[in-house]
There are 2 protein chains.
Amino acid sequence: MQEQPRRQSRIQRKNREAILTAALREFSARGFSGTTIDQIAETAGLSKPNVLYYFQSKDAIHTALLRGMLDLWLGPLRDLRAEGDPADQILAYARRKLEMSRDYPQESRLFANEVLQGAERLAPILGGELRELVDQKSALISGWIAQGKIAQVDPHHLLFSIWALTQHYADFEVQVRAVLGPDHDPYAEAQVFLDLLYRRLLKPQLRE
Amino acid sequence: MQEQPRRQSRIQRKNREAILTAALREFSARGFSGTTIDQIAETAGLSKPNVLYYFQSKDAIHTALLRGMLDLWLGPLRDLRAEGDPADQILAYARRKLEMSRDYPQESRLFANEVLQGAERLAPILGGELRELVDQKSALISGWIAQGKIAQVDPHHLLFSIWALTQHYADFEVQVRAVLGPDHDPYAEAQVFLDLLYRRLLKPQLRE
DNA sequence: CAAAATATTGACCATTTGGTCAGGATCAGG
DNA sequence: CCTGATCCTGACCAAATGGTCAATATTTTG
C-alpha cells in the first residue's frame with residue numbers, strides 16, 4: 001500500500017516542483033474545474049503527457065498540493081502558546097496570518113476555492129485535525145479568559161474572526177484594491193486596523 | 001441596442017425564474033466552470049435546449065444572475081444613514097449583513113466565487129458603483145469620527161471587516177460547521193460576538 | 001561506453017460540453 | 001376552433017479535455 005519512498009532523481013524533483021508551482025498558480029486563479037492540464041503543463045514548461053507522467057491525474061496534482069500546504073497553513077495556529085502575554089499572543093497570531101495572506105495569497109485562494117465549493121476533499125481534515133487543533137486552542141483561550149487576562153469572548157468565533165479578517169485581504173484582493181484605488185497599501189493599513197481592533201476587543205473589562 | 005421590453009408571458013416568467021434559481025444553486029455550489037448547462041436544466045426541470053431558448057448562453061445566465069442580485073447585495077450599505085446613533089447604525093449594518101449571510105448564503109458564495117477568481121465580469125462595478133458607494137459611506141463615517149461620536153478607525157477597513165466577518169459564515173460555512181460540530185448555531189453566536197466586537201471597537205476613547 | 005532505467009512526446013481516444021436547428025407541440029387571441 | 005405566435009425537443013455538431021500508449025530520446029549506472 002505504501003509507495004516506495006525511493007529516492008527521487010534530480011529531474012523528478014525539479015519537474016514535480018515545477019508542476020505543483022504551476023498548478024497552484026492555475027488552481028488558485030481559476031478553480032479546479034476552470035483549470036486544464038494543458039494550462040498547468042504550459043505554465044510548468046512541460047507537455048501534457050509529461051505532466052501525467054509525474055502525476056496520475058489532475059486530481060492527484062490537486063490533492064498533492066493541498067496536502068503539501070496544510071502544515072504551512074496551520075503552522076501559525078499551532079504556534080499559539082500558553083507562554084507570554086495572552087493578548088500579545090493573539091495579536092501576533094493575527095499579524096502572522098495577515099502576513100501569510102500577503103505573502104501566500106495563492107495558497108489562501110486555493111483553500112478558499114476548496115472550502116467555498118463544499119470542501120469534499122478537505123472534509124475529513126476540517127472535522128478532524130483542524131477541529132481538534134481549534135478545540136485545543138479554544139481551551140487555552142478560555143483559560144486566559146477565566147484568569148481575567150483577556151476579555152470574555154467566544155474563543156471559536158474569535159479564531160473565526162482572525163481567519164475571516166486576514167484571509168479576506170488575499171481572497172478578495174481584487175475587490176479591496178478596486179475599492180481603495182491604487183494609492184493604498186492594503187496590508188499595511190490592515191495591520192494597523194487589526195491591531196487596534198483586537199487590542200480593544202481583548203482588553204479585560206474591569207467593571208461588573 | 002435596448003431589448004424590447006415586450007411583456008413577458010406567464011410561461012416565460014416562470015421558466016426564466018426557474019432557470020435563474022437553479023443556476024444560482026449550481027453556480028454557487030460548483031463555480032461557473034464547474035457547472036454545466038445540463039445540470040442547470042435538470043435542476044430547473046427543463047431540457048438543455050429549452051434553457052438555451054430562454055438565455056442565449058451559459059454566460060448570459062451568469063450575467064443575468066449577478067446583475068439581478070446587485071441591488072439586494074448593496075442594499076444594506078446604501079441604508080447606512082447619517083441619522084441616528086452612529087455606532088447603532090454600524091452595528092445594525094453588521095447585523096443585517098450577517099442576516100443576509102444566513103438567509104442568502106448562495107448569493108454570498110456566488111459573489112465570493114466571482115471575486116476570488118479575478119472578478120473580470122464584476123470589475124467595472126467594483127471599481128465604479130461599489131467604490132463610489134464605499135467612498136461616500138466612508139466620508140459619512142469619517143464625519144462621525146471627527147465629531148468624536150465613534151472611535152478613530154479607518155473607515156474603509158471598518159467596512160471591509162464587516163464584509164469579511166459576516167460573509168465568512170456563508171462562504172466558509174462547511175468549515176465553520178465542521179469546527180463547531182452539530183450542537184451550535186453559528187449565526188446566533190456570531191451575532192453576539194460581532195455585536196460585542198463592534199461595540200468595543202467603536203466606543204469613543206476619551207483620553208488623549 | 002553499453003545496457004538499463006528514466007524521461008518525453010506525438011498521435012490518438014472517449015467523453016463531456018456549449019451550442020444549433022429543423023420540426024413538432026402547445027397556447028393565446030380572434 | 002382556427003391560426004399565428006410561442007414553446008419545446010431529439011438529433012446533431014465541433015471543440016475542448018482528461019487520459020493512454022507505443023515509440024523515441026535522454027540520463028544514469030555498472
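Please read all numbers here as calculations on a predicted model, not as lab measurements. Values reported hereafter were calculated over all heavy atoms of this structure, with side chains retained and with hydrogens, waters and symmetry mates removed. Below, read A as the first sequence line, B as the second, and so on, with proteins coming before strands; counting in each chain starts at 1.
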Both B:Ser33 and A:Ser47 contact DNA chain C. Taking the nearest nucleotide for each, which residue is further toward the 5' end? A:Ser47

Atom-pair distance (CZ on A:Arg13; P on C:dT6), nearest Å: 14 Å

In whole Å, what is the span from the CZ atom of B:Phe55 to the P atom of D:dC8? 13 Å

Roughly, in whole Å, what's the span from CG in B:Asp38 to P in C:dT16? 11 Å

OP1 or OP2 of D:dC8 sitting under 4.0 Å from any side-chain N/O of B:Tyr53? no

Flag for B:Gln89-B:Asp79: side-chain donor and acceptor within less than 3.5 Å: no

With the sugar-phosphate defined as primed atoms, P, OP1 and OP2, and the base as all remaining atoms, what B/S/- string results for nucleotides 19-30 of chain C, 5' to 3', for protein heavy atoms under 4.0 Å? BBB------S--

May I ask you to say whether A:Glu173 pairs ionically with A:Arg109, meaning some side-chain N is under 4.0 Å from a carboxylate O? yes

Taking only Lys NZ, Arg NE, NH1 and NH2, and the carboxylate oxygens of Asp or Glu, determine whether A:Arg30 and B:Glu120 approach each other closer than 4.0 Å. no

Side-chain N or O of B:Asn15 closer than 4.0 Å to phosphate OP1/OP2 of D:dC8: yes

Are B:His157 and A:Tyr169 an aromatic pair by the rule of ring centers under 6.0 Å? yes

Salt-bridge criterion met for B:Glu189 and B:Arg177 (N-O under 4.0 Å): no

Look only at the side chain of B:Arg121 and the backbone of B:Thr63, and say whether a donor-acceptor pair between them is shorter than 3.5 Å. no

Rounded to the nearest angstrom, tell me the gap between atom CG in A:Leu46 and atom P in C:dT6. 19 Å

Whole angstroms only, please: what is the CD1-P distance between B:Ile19 and D:dC8? 9 Å

Whole-Å distance, A:His62 NE2 to D:dT17 P, equals 17 Å

Tell me the interatomic distance from A:Asn50, atom CG, to D:dG19, atom C1', rounded to whole angstroms. 14 Å

According to a strict under-4.0 Å criterion, is A:Ser9 in side-chain N/O contact with OP1 or OP2 of D:dT28? no

Strictly below 4.0 Å: does A:Gln12 bring a side-chain N or O up to OP1 or OP2 of C:dT6? no

Verify the distance criterion only: is there a donor paired with an acceptor across the side chains of A:Glu26 and A:Thr43 at less than 3.5 Å? yes

Does A:Phe32 reach the side chain of A:Asp59, with side-chain heavy atoms less than 4.5 Å apart? yes

Can you pull out how bent the helix from C:dC1-D:dG30 to C:dG30-D:dC1 is, comparing the axes over its first five and last five pairs, to 10°? 20°

Salt bridge between A:Asp85 and A:Lys149, side-chain N to carboxylate O under 4.0 Å? no

Given atom OH of A:Tyr54 and atom P of D:dG19, what is their separation to the nearest angstrom? 18 Å

